[in-house]
Amino acid sequence: MFHKLIFFCERKHFMDTFALSNLQKIFQINNMAFEKVKRSENYSEWYNNLVKNADLAEHADVKGCMVIKPYGYAIWEKIQAQLDKMFKDTGHVNAYFPLLIPKSFFEKEEKNAEGFAKECAVVTHYRLKVDDNRKIIVDPEAKLEEELIIRPTSEAIIWNTYKGWIQSYRDLPLLINQWANVMRWEMRTRLFLRTSEFLWQEGHTAHSSSDEAIKETKQMLDVYAEFAENFMGVPVIKGVKTENERFAGAVETYCIEGLMQDGKALQMGTSHFLGQNFAKAFDVKFQSKEGKLEHVWATSWGVSTRLIGALIMAHSDDEGLVLPPNLAPIQVVIVPIYRSDEELVKVSSKAIEIKKQLEALGLSVKFDNRDTQKPGFKFAEWELKGVPLRIGIGPRDIENGTVELARRDTKEKHVIQIEGIDLKVKSTLEEIQKSIFERARSFRDNSIHIVNSWEEFKDVLENKSGFISAHWDGTGETEEKIKELTKATIRCIPLNNPQEEGVCVYSGKPSKQRVLFAKAY
RNA sequence: CGGGGUGUAGCGUAGCCCGGUAUCGCGUCUGCUUUGGGAGCAGAAGGUCGUAGGUUCAAAUCCUGCCACCCCGACCA
């Protein structure tokens, strides 16, 4: 019945403008070969060009939506594979719920509905027709009885479903994850960081006690943090959101916050303790061991394709992407160098031999034997695409039993013996993984500024960047005011935050702990 | 929703004020020479100028309507 759907967004968006000429200049200048805008000159322009040039994604001809290209999607697949394993290792299973949510379900948890109301796309009709001018129009006869919301998140449809699945404590806990797309009609979009439609995973769990649900919430936060640090190579701060920043419908929102190279913070994942809010809204009760009827306790947690944005912004440089070996779709690329066909044969057979040797260690290796591009071009291209290690092999090497090994992260090049190359490559990849994390961590650590006065606070925001650790009086009003004045928000109250007496950096009222402020994406 | 812009080849553009069927660069294709850091030369292909109408002998250019997209603000899980 729904094979032809039309949706209307409730809000229209009128665009705006500004100095287009600036952009045009950049494109003009850089249109030859690859566009080169330096990271230090214009960070966001650098980011956009990188996403495009590295062939990760592009703007679709649909407002606010992106096409994730094969190379970008391959990174997402690596992210998915690892997270999926970690979810399963912690006892979760995957399922899939509908894209469309009847408006009446959506309304049930008021705060959740209110929080998302302004960015929902709504399906109102189920059929098109050809009008008198032979134009395709929405068939006014085909108006739906009840509008359908395209999910901005799935709590509503999932809790409506859970109602039928949970009767007894024996049905709990229910530990389910879903890989899906969601749609949030955002006003300003940026590839990967914020798009109208995006891919993510959302875990939705149900528990028989508050304690157990809180434990789950924290466990998943730890899973995210471990993933971010050990796989993405991005250090994160685990913390709790303030009431203002909390997920609509949650009792408590935990998050991991990363710091990008331009000094702006990025929320990389959230894990929510939902209390009994959704159980009450959808009337999901279970009978306890003691025979009492109680509402179920819930959590939800998610990360999205935004992580690809984080990956780019945390490590990459003016030459392009820098991928951590643990998430690189191609970990090693082999580029042959040759003049004659005869040389090509020799070089190729050695290259293929090396490839097999590396693959035996479980590495992902590409032998770039395209005869349509020159070596120099390939070097630049694979650097742009962030392949962690490159092996160059030519006639000279064949004679000497060597290859050239080039590291993407440090740009170091060494001639090494082919003998024992597999272990050398493996250990170098491990070193790269460690080294990019360390680099990001020391950058992050040096970007946390302890601030004790409002003057200092403003000074750091203007002249430095990164996190500001400052006392806050705990009120939403102060938080709002600071945001209004500086655009900085409270990113989180770090977990295990030391308690200390102090006064709020803005209001001067007493405070018991410091919180982390930053400008954020 | 308030303000400001733009639609010309795959991409970026010139031409528009002052009407005469379209400029240049990148990319693409072919051939030869090249190949250890983004190759060179020669040739070629590619355009209903967003769309509908109007004015005119003649419209990318002038006029009107429509559509789409972009930037700033508000907004942002």
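Labels below follow one simple rule: chain letters A, B, ... track the order of the sequence lines, proteins then strands, and each chain is numbered from 1. Because only heavy atoms are used, hydrogens play no part in the values below, and waters and symmetry mates are left out as well, while side chains stay in.
Considering only residues two or more places apart in sequence or on other chains, A/Phe227 meets the ring-ring contact (aromatic ring centres under 6.0 Å, His included) condition with A/Phe231. Remark: A/Asp222 engages A/Lys238 in a side chain to side chain contact (heavy atoms under 4.5 Å, CB included) (not counting sequence neighbours). The salt bridge (charged side-chain N to carboxylate O under 4.0 Å, His left out) test applied to A/Arg151 returns no partner, not counting sequence neighbours. A search for side chain to side chain contact (heavy atoms under 4.5 Å, CB included) contacts involving A/Glu109 returns A/Lys111, A/Asn112, A/Asn277, A/Phe278, A/Ala281, not counting sequence neighbours. A/Arg408 pairs by the side chain to side chain donor-acceptor pair (under 3.5 Å) definition with A/Asp317, not counting sequence neighbours. Applying the side chain to side chain donor-acceptor pair (under 3.5 Å) criterion to A/Glu412, with sequence neighbours excluded, gives A/Thr410. For A/Lys69, the side chain to side chain donor-acceptor pair (under 3.5 Å) partners at least two apart in sequence or on another chain are A/Asp55.
Contacts of A/Gly302 with the nucleic acid, taken as non-hydrogen atoms under 4.0 Å apart, are absent. Contacts of A/Asp371 with the nucleic acid, taken as non-hydrogen atoms under 4.0 Å apart, are absent. Heavy atoms of A/Pro395 sit under 4.0 angstrom from at least one base atom. Using a 4.0 Å heavy-atom criterion, one finds that A/Arg390 contacts the bases of the nucleic acid, with or without backbone contacts as well.
A/Glu383 places its CD atom 12 Å from the P atom of B/G37, with the value rounded to the nearest Å. Between the CZ atom of A/Phe198 and the P atom of B/A77 there is a distance of 11 Å, rounded to whole Å. Rounded to an integer number of Å, the gap from A/Glu484 CD to B/A74 P is 10 Å. Across the protein-nucleic acid pair, A/Arg370 atom CZ and B/U35 atom P stand 18 Å apart, rounded to whole Å. Summarising the geometry, the separation between CG on A/Asn49 and P on B/C26 is reported as 19 Å, rounded to the nearest angstrom. Rounded to an integer number of Å, the gap from CG of A/Asp55 to C1' of B/C11 is 14 Å. Put simply, CD on A/Glu186 is 15 Å from P on B/G73, counting in whole angstrom units. With rounding to whole Å, A/Arg190 atom CZ is found 19 Å from B/C75 atom P.
For the pair A/Lys411 and A/Glu319, the salt-bridge criterion is met [side-chain N within less than 4.0 Å of a carboxylate O]. The pair A/Glu381-A/Arg370 meets the salt-bridge criterion, with a side-chain N (NZ, NE, NH1 or NH2) lying under 4.0 Å from an Asp/Glu carboxylate O. With salt bridges taken as basic N to acidic carboxylate O contacts below 4.0 Å, none links A/Asp368 and A/Lys366.
Scanning residues 330-355 of chain A for heavy-atom distances under 4.0 Å to RNA chain B yields A/Ile337, A/Tyr338, A/Arg339. For RNA chain B, the neighbouring residues in residues 399-414 of chain A, judged by any heavy atom under 4.0 Å, are A/Glu404, A/Lys413.
If you take atom C1' in B/C32 and the same atom in B/C49, they sit 37 Å apart, rounded to whole Å. Here, B/U55 and B/G12 have their P atoms 35 Å apart, quoted to the whole Å. Taking atom C1' on both B/C11 and B/U30, the two are 22 Å apart, rounded to the nearest angstrom. A distance of about 49 Å separates the P atoms of B/G20 and B/C75, rounded to the whole Å. Separating the P atom of B/G25 from that of B/U33 is a span of 26 Å, rounded to the nearest Å. Taking atom C1' on both nucleotides, B/C70 is separated from B/U34 by 43 Å, rounded to a whole Å.
In the set B/U35, B/C76, B/A77, the nucleotide with an atom closest to the side chain of A/Arg194 is B/C76. Considering only side-chain atoms of A/Lys487, the nucleotide from B/G73, B/G36, B/G37 that sits closest is B/G73.
Aromatic ring orientation, A/Trp297 versus A/Phe273: parallel (interplanar angle below 30°, classes split at 30° and 60°).
Residue pairs meeting the side-chain hydrogen bond (donor to acceptor under 3.5 Å, both in side chains) criterion with at least one member in residues 340-350 of chain A, sequence neighbours excluded, are A/Lys350-A/Glu353.
With the 3.5 Å cutoff on both pairing distances, Watson-Crick and G-U pairs in RNA chain B assemble into runs of at least 3 at B:1-7 with B:67-73, B:10-12 with B:24-26, B:28-33 with B:39-44, B:50-54 with B:62-66.
Put simply, the residue from A/Val425, A/Ile418, A/Ile416 that forms a side chain to side chain contact (heavy atoms under 4.5 Å, CB included) with A/Ile391 is A/Val425.
Both tests hold for A/Arg390 against A/Phe379: distance to the six-membered ring centre under 6.0 Å, angle to the ring axis within 45°.
Taking the ring centroids of A/Phe97 and A/Trp159, they lie at or beyond the 6.0 Å cut-off.
A residue-by-residue look at A/Thr189 and A/Gln267 shows that A/Thr189 has its nearest nucleotide of RNA chain B further toward the 5' end.
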Output a table of nitrogen or oxygen pairs between the protein and nucleotides 39-41 of chain B separated by less than 3.5 Å.
residue	atom	partner	partner atom	Å
B/A39	O4'	A/Lys374	NZ	3.4

